[in-house]
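Worksheet: the structure to be examined is printed underneath.
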Amino acid sequence: LRKIQPAGAEARRKQRLDRLAETQKAVGKEMCSYKHLQDVKFKKSLLAMLYWAEGSKHKSVSGLHFTNTDPKLAQLFITLLRQSYMIDEVKFKMRLHLHYYHKIKETRRFWSDVLEIPENRIAPVYIKKRSRKKRFRKNFGGICFIYYGDGKIREEILATGQVIHAILAEPTRK
């Protein structure tokens, strides 16, 4: 039994990966048929939903504050922002919260490359106080905080999210 269990687990893993590849192929084909993906209004809607989920919504905050550990999600956010608005690149800043096991220079370079924000706009790195004994989920790039200093864009993005909610979700409560 000990000899065949790993083979069974590997077969299930392969089946799952094959299913995932099939799903990604089908979704990719369907998404390519969407004409709206290049429309700025549609991109603003996607940006609003993404920011509503992962951005700061505190009333006292000025500018956009987006926080995440997933480089692809952060890259999508910043790409949609750049494609939806006239952006002043100088207004971008970044902050990183890392753990003791992160390599600071490599991680700073990684985020700078992924988000196309120069390293000189990254604030001094904060090393999180975390026990070396306690178990926790490791991540490669730590926590990335993206800041863009424009309160007007932030207001428009949050208003877009609220309007989308009002149009799509509130009528179902009647």
Side-chain angles (χ1 to χ4, degrees), residues 17 20-99 102-126 128 137-169:
L17 292 174
L20 179 60
E22 278 182 41
T23 302
Q24 286 178 331
K25 186 177 177 181
V27 169
K29 189 176 179 181
E30 179 183 339
M31 294 293 292
C32 286
S33 71
Y34 290 1
K35 292 179 172 60
H36 298 298
L37 284 177
Q38 297 309 315
D39 179 49
V40 173
K41 292 174 187 173
F42 186 74
K43 288 178 183 182
K44 283 183 176 185
S45 298
L46 293 174
L47 177 63
M49 295 296 92
L50 188 56
Y51 191 78
W52 202 9
E54 298 293 331
S56 178
K57 291 154 290 283
H58 296 286
K59 288 180 173 63
S60 63
V61 172
S62 64
L64 293 144
H65 292 260
F66 184 87
T67 305
N68 212 278
T69 60
D70 185 341
K72 288 182 178 181
L73 197 61
Q75 185 181 43
L76 178 61
F77 165 75
I78 209 163
T79 299
L80 287 169
L81 183 61
R82 285 176 171 140
Q83 291 177 359
S84 299
Y85 295 94
M86 295 295 294
I87 294 300
D88 179 357
E89 292 290 328
V90 176
K91 292 183 178 182
F92 276 118
K93 291 185 180 29
M94 210 180 348
R95 188 168 38 110
L96 300 174
H97 285 198
L98 306 179
H99 298 288
H102 288 111
K103 295 179 180 166
I104 293 173
K105 268 182 138 177
E106 286 179 24
T107 308
R108 284 174 55 95
R109 191 174 318 113
F110 169 78
W111 283 107
S112 175
D113 290 346
V114 167
L115 301 178
E116 298 178 22
I117 296 175
E119 283 190 60
N120 65 359
R121 291 210 214 109
I122 301 176
V125 172
Y126 174 77
K128 294 182 75 165
R137 180 179 66 93
K138 287 189 176 186
N139 62 12
F140 167 73
I143 303 169
C144 180
F145 297 79
I146 302 167
Y147 172 74
Y148 184 74
D150 190 321
K152 189 174 180 184
I153 291 176
R154 179 181 182 273
E155 289 172 3
E156 184 179 328
I157 288 171
L158 289 173
T160 301
Q162 293 293 332
V163 169
I164 290 170
H165 172 266
I167 291 169
L168 297 179

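Note that the structure is predicted; figures quoted are calculated from it, not measured.
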If we only count heavy atoms from C-beta on, is the Phe145 to Leu96 side-chain gap below 4.5 Å? no
Flag, side chain of Ser84 to backbone of Leu81, donor-acceptor distance under 3.5 Å: no
Would you call Ile146 and Ile78 a side-chain contact if the rule is heavy atoms closer than 4.5 Å? yes
In sequence, state the C-alpha distance, the side-chain angles, and the governing distance for Asp150 and Tyr85, and then conclude on side chain to side chain contact (heavy atoms under 4.5 Å, CB included). CA-CA 11 Å; Asp150 190 321; Tyr85 295 94; over 6 Å; no
Hey, are the side chains of Phe77 and Glu54 touching, using non-hydrogen atoms and a 4.5 Å cut-off? no
Residues in side-chain hydrogen bond (donor to acceptor under 3.5 Å, both in side chains) with Arg82, at least two apart? Glu89
In sequence, state the C-alpha distance, the side-chain angles, and the governing distance for Thr160 and Leu47, and then conclude on side chain to side chain contact (heavy atoms under 4.5 Å, CB included). CA-CA 9 Å; Thr160 301; Leu47 177 63; over 6 Å; no
Any residue meeting side-chain hydrogen bond (donor to acceptor under 3.5 Å, both in side chains) with Tyr147, in chain and number order, not counting sequence neighbours: none
Measuring from Glu119:CD to Asp113:CG, what's the distance to the nearest 0.5 Å? 7.5 Å
Rounded to the nearest 0.5 Å, how far apart are OG of Ser62 and NE2 of His65? 5.5 Å
Can you name the closest pair of heavy atoms from Phe66 and Ala74 and give their distance? CE2-CA, 3.9 Å
Without swapping roles, check the side chain of His97 against the backbone of Val125 for a donor-acceptor pair under 3.5 Å. no
Given 3.5 Å as the limit, does a donor-acceptor pair link the side chain of Ser112 with the main chain of Ile117, or not? yes
With side chains defined as the heavy atoms from C-beta onward, is the minimum distance between Phe42 and Lys44 less than 4.5 Å? no
Sub-4.5 Å side-chain heavy-atom contact between Gln38 and Lys43: yes
To the nearest 0.5 Å, what is the distance between NZ (Lys152) and CG (Leu64)? 13.5 Å
Can you confirm whether Ile122 sits close enough to Arg95 that some side-chain heavy atom of one is under 4.5 Å from a side-chain heavy atom of the other? no
Distance-only, no hydrogens or angles: does the Lys35 side chain make a donor-acceptor pair with backbone N or O of Ser33 under 3.5 Å? no
Intermediate values then yes/no, side chain to side chain contact (heavy atoms under 4.5 Å, CB included), Trp52 and His165: CA-CA 11 Å; Trp52 202 9; His165 172 266; 3.6 Å; yes
When rounded to the nearest 0.5 angstrom, what distance separates NZ in Lys57 from CG in Leu158? 7.5 Å
Looking only at non-hydrogen atoms, find the nearest pair between Leu98 and Gly141 and report the distance. CD2-O, 3.7 Å
Can Tyr51 and Arg154 be said to form a side chain to side chain contact (heavy atoms under 4.5 Å, CB included), step by step? CA-CA 9 Å; Tyr51 191 78; Arg154 179 181 182 273; 3.7 Å; yes
Interatomic spacing from CG in Leu46 to CG in Leu80 - rounded to 0.5 Å: 6.0 Å
Taking the six-membered ring of Phe92 as reference, does the cationic atom of Arg121 (NZ for Lys, CZ for Arg) lie under 6.0 Å from its centre and within 45° of its axis? no
Partners of Lys103 by side-chain contact (heavy atoms from CB on, under 4.5 Å), sequence neighbours excluded? Glu106
Check: Val40 and Gln83 side chains under 4.5 Å, non-hydrogen atoms: no
Should Met94 and Cys144 count as side-chain neighbours, where that means a heavy-atom distance under 4.5 Å? yes
How close do Leu37 and Met31 get, heavy atom to heavy atom, and via which atoms? CD1-O, 3.4 Å
Of the non-hydrogen atoms in Asp70 and Trp111, which two are nearest, and what is the gap between them? C-CH2, 4.2 Å
To the nearest 0.5 Å, tell me how far His102 NE2 sits from Ile143 CD1. 8.5 Å
